[in-house]
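These values consider heavy atoms only, across backbone and side chains, with no hydrogens, waters or symmetry-generated copies. Nothing fancy with the numbering, it's 1 onward along the sequence.
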Amino acid sequence: ELREQLLALSDLEQSFSYCLLDTPIPMFNYVAHVRLLPVTDGDRTFWHWESRFTTRPDDAERSGLKPVSTMNATARAANSFHGRRRPKAK
């Protein structure tokens with residue numbers, strides 16, 4: 001079972017941070033930060049997601065994760081959200 005905890009939420013900066021409390025994956029000290037930015041060409045949103053976590057060396061070998069990993073999934077997230085429209089303000 002996966003449990004997350006919201007650490008920070010900013011409407012002004014359009015960002016949030018969260019951590020994992022419980023996860024079936026052997027990751028520890030997981031903290032992620034997400035920031036949404038407007039795309040100037042069209043009515044789109046750029047999603048920047050970055051996470052940091054540690055693993056135990058023996059778990060890393062089995063899972064393929066490095067003992068200390070930084071994951072920047074900006075390009076992957078941007079591709080999956082590219083072209084989706086932001087909701088219009090009411």
Side-chain angles (χ1 to χ4, degrees):
E1 180 176 312
L2 182 70
R3 282 189 338 134
E4 301 170 332
Q5 179 181 12
L6 184 64
L7 300 174
L9 177 63
S10 173
D11 289 336
L12 181 64
E13 293 181 7
Q14 295 185 321
S15 66
F16 65 93
S17 298
Y18 68 96
C19 67
L20 294 181
L21 299 175
D22 295 315
T23 175
I25 302 168
M27 295 188 300
F28 304 94
N29 307 311
Y30 180 98
V31 176
H33 181 74
V34 174
R35 183 156 190 209
L36 305 175
L37 300 165
V39 174
T40 58
D41 181 22
D43 187 24
R44 299 183 183 149
T45 300
F46 180 79
W47 169 288
H48 178 92
W49 172 53
E50 185 174 298
S51 63
R52 294 177 180 268
F53 57 90
T54 58
T55 60
R56 291 186 301 245
D58 56 332
D59 289 336
E61 290 176 17
R62 285 192 299 258
S63 66
L65 298 172
K66 295 180 181 175
V68 176
S69 300
T70 300
M71 181 176 177
N72 185 335
T74 303
R76 199 172 337 156
N79 287 336
S80 66
F81 284 89
H82 183 70
R84 293 191 185 175
R85 303 274 184 217
R86 288 183 302 207
K88 296 199 184 249
K90 293 182 181 180

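Rounded to the nearest 0.5 Å, atoms CG (N29) and CZ (F53) are 11.0 Å apart. Taking CG of L21 as the start and CD of Q5 as the end, the distance is 5.0 Å to the nearest 0.5 Å. Between the CG atom of L9 and the OH atom of Y18 there is a distance of 14.0 Å, given to the nearest 0.5 Å.
The shortest heavy-atom contact between E13 and R35 is O-NE, 3.2 Å. Of all non-hydrogen atoms in T45 and V39, the two that sit nearest each other are C-CG2, 3.8 Å. The two residues W49 and A32 make their nearest non-hydrogen contact at NE1-CB, 3.5 Å. The shortest heavy-atom contact between P26 and T55 is O-CG2, 3.3 Å. Between P38 and Q14, the shortest heavy-atom contact is CD-OE1, 4.5 Å.
Qualifying side chain to side chain donor-acceptor pair (under 3.5 Å) partners for D11, counting only residues two or more places apart in sequence or in other chains: none.
Linking ILVMFWY side-chain heavy atoms closer than 4.5 Å, directly or via other members, places L20 and V31 in two distinct hydrophobic clusters. Under the 4.5 Å side-chain heavy-atom criterion for ILVMFWY residues, no single connected hydrophobic cluster contains both L2 and L7.
At least one donor-acceptor pair under 3.5 Å links the side chain of T54 to the backbone N or O of F28.
Between W47 and F16, the ring planes lie perpendicular to each other; the angle is over 60°, past the 30° to 60° tilted range.
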